[in-house]
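Beneath this line is the structure, given in structure tokens, with notes to follow.
Keep in mind it's a predicted model, so treat the numbers as computed, not measured. All heavy atoms count here, side chains included; hydrogens, waters and symmetry mates do not.
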Amino acid sequence: MVDRLVNSELNTRRIASVESCFGSSGVPLAIPGRVLVGEGVLTKMCRKRPKSRQFFLFNDILVYGNIVIGKKKYNKQHIMPLEEVSLDSIADNQQYRNGWYIRTTTKSFVVYAATSTEKQEWMAHINKCVEDLLRKSGKKPPGNHAAVWVPDAEASICMHCKKTQFTFVQRRHHCRNCGAVVCSACSTKKFLLPQQTGKALRVCDACYDRLRHAPDPDGSVEQRASKLNISGAADSSNDDDTDEDLPGSAEAHDEPRFYGDNSMSLADEQTVNQSAIATTTPPATATPSAAAPASINC
């Protein structure tokens, strides 16, 4: 699937289209050997509520961003190396269906697809890209992943002391190690979690005590204690989770598109080709009889 697209002009245009949609808020994505495998909208479970996010699957990275104008403009670009990605399916419940965990060493969260078929397609393509990448690099998947944050709505009281009720004044805090929602009194300390960042992060008191006494391959308990920062100042929450969606960013659902599938017909490839050309080629001056340019799914 990927090999026949690596050096194709169509793949180059697709990647250029994605870069154009992120504009100055994103980073260049075109590098030798990179292929855009698929794209589509998934519902990401954020701290406050579920939000629609545009995802782009490449053969070495997973990129997602906030939808500003559907199919035309995105911001808050996030890039996740596939070598660090691990997926776990989530059983359906009465409220949410077709979900799975996306875990990495620095950030983990839950996403939901519109249908079970789309969930299977996304998970299969991501897992295939991860397997191919690890096989070629000879690397092993990471053993530890960042915790998935419990959504605010699922915790009306502190998950540790079971007493403090959250209000406008009594704020919620997330432990960066276990993801639990706790009160300020139950999360007074910070601890260095090197797999996530180079600075000490807010953790709950239970995790602090456990981490402080855990064996450290990089040094003794005393050396590990030197990494601590007991300041209880509030940390900023997950970057894109506190940003409200812009008015008009919601749109009707479109099925995800995966490129290079055997199931993709020649007509589908031609349609994608025309779309990519329209993205990268400035339209000629229109005459009254000229047809409008085709819309682009970037």
Side-chain angles (χ1 to χ4, degrees), residues 37 42-47 50-51 53 55-65 76-91 96 98-113 119 122-152 154-155 159-160 173-182 187 189-204 206-218 224 227 235-242:
V37 177
L42 294 171
T43 299
K44 179 178 178 289
M45 183 61 72
C46 297
R47 175 176 180 173
K51 298 178 182 179
R53 295 290 183 255
F55 281 77
F56 299 94
L57 173 62
F58 295 83
N59 61 331
D60 62 334
I61 57 175
L62 182 63
V63 178
Y64 70 93
K76 301 290 184 182
Q77 184 187 76
H78 298 266
I79 299 177
M80 309 174 79
L82 284 184
E83 291 178 341
E84 301 178 3
V85 170
S86 174
L87 307 184
D88 289 299
S89 180
I90 300 175
Y96 298 109
N98 311 316
W100 68 95
Y101 293 105
I102 297 180
R103 305 180 194 269
T104 72
T105 56
T106 58
K107 186 179 181 70
S108 302
F109 51 85
V110 175
V111 293
Y112 295 93
K119 171 185 175 178
W122 271 108
M123 293 189 70
H125 281 87
I126 294 173
N127 280 327
K128 181 65 166 59
C129 289
V130 172
E131 291 170 2
D132 290 346
L133 195 61
L134 291 176
R135 185 180 67 254
K136 292 177 180 178
S137 67
K139 296 181 179 180
K140 295 183 179 180
N144 297 317
H145 297 100
V148 176
W149 285 18
V150 175
D152 286 1
E154 295 185 14
M159 297 177 68
H160 278 201
H173 299 280
H174 279 83
C175 173
R176 269 52 174 186
N177 187 62
C178 70
V181 182
V182 294
S187 56
K189 299 178 177 66
K190 293 184 179 181
F191 198 90
L192 180 64
L193 303 173
Q195 71 275 15
Q196 294 189 35
T197 183
K199 65 178 182 179
L201 301 174
R202 189 172 199 141
V203 297
C204 64
C207 282
Y208 176 85
D209 291 337
R210 184 165 57 252
L211 291 166
R212 185 184 178 203
H213 295 96
D216 184 4
D218 297 326
R224 189 174 180 84
K227 303 176 183 178
D235 297 313
S236 59
S237 59
N238 279 3
D239 31 39
D240 65 324
D241 294 349
T242 55

Nearest atoms (heavy-atom pairs only) where [X] meets [Y]:
| X | Y | answer |
| --- | --- | --- |
| Leu82 | Phe58 | CD1-O, 3.2 Å |
| Ala155 | Met159 | CB-CG, 4.1 Å |
| Cys207 | Cys175 | SG-SG, 3.8 Å |
| His174 | Val150 | NE2-O, 2.6 Å |
| Lys119 | Ala113 | N-CB, 3.6 Å |
| Val110 | Val148 | CG2-CG1, 4.0 Å |

Review point. Would Ile126 and Val85 satisfy side chain to side chain contact (heavy atoms under 4.5 Å, CB included), going step by step from the backbone distance to the final call?
Key: CA-CA 9 Å; Ile126 294 173; Val85 170; 4.2 Å; yes

Would you indicate whether the side-chain heavy atoms of [Y] and [X] approach each other to under 4.5 Å?
| X | Y | value |
| --- | --- | --- |
| Asn59 | Leu133 | no |
| Val203 | Ser187 | no |
| Leu201 | Gln196 | yes |
| Tyr64 | Met80 | yes |

Can you tell me how far apart [atom1] ([X]) and [atom2] ([Y]) are? Round to the nearest 0.5 Å.
| X | Y | atom1 | atom2 | answer |
| --- | --- | --- | --- | --- |
| Lys76 | Arg53 | NZ | CZ | 10.0 Å |
| Leu193 | Asn144 | CG | CG | 10.5 Å |
| Trp122 | Asn127 | CH2 | CG | 13.0 Å |
| Met45 | Ile90 | CE | CD1 | 8.5 Å |
| Glu154 | Trp149 | CD | CH2 | 14.5 Å |

Revision key, fill the gap. In short, salt bridge (charged side-chain N to carboxylate O under 4.0 Å, His left out) pairs touching residues 136-151 with sequence neighbours left out are Glu83-Lys139

Exercise for review: For Tyr96, enumerate each residue passing the ring pair (Phe, Tyr, Trp, His ring centres under 6.0 Å) test, keeping only those at least two apart in sequence or located in another chain.
Suggested key: Tyr112

Review point. Side chain to side chain contact (heavy atoms under 4.5 Å, CB included) between Leu192 and Leu211: does it pass, once the steps are laid out?
Key: CA-CA 9 Å; Leu192 180 64; Leu211 291 166; over 6 Å; no

Partners meeting side-chain hydrogen bond (donor to acceptor under 3.5 Å, both in side chains) with [X] (sequence neighbours left out):
| X | result |
| --- | --- |
| Asp152 | Arg47 |
| Thr197 | none |
| Thr105 | Glu84 |
| Asn177 | none |

Practice item. Would you check if there is a donor-acceptor pair between the side chains of Ser86 and Arg103 at a distance under 3.5 Å? Key: no

side-chain contact (heavy atoms from CB on, under 4.5 Å) against [X], all qualifying residues, sequence neighbours excluded:
| X | value |
| --- | --- |
| Asp132 | Lys128, Arg135 |
| Ala206 | His160, Cys204 |
| Val111 | Leu42, Lys44, Phe55, Trp100, Ile102, Phe109 |

**Study point:** Derivation and outcome, side chain to side chain contact (heavy atoms under 4.5 Å, CB included), residues Gln77 and Val63
**Key:** CA-CA 7 Å; Gln77 184 187 76; Val63 178; 3.8 Å; yes

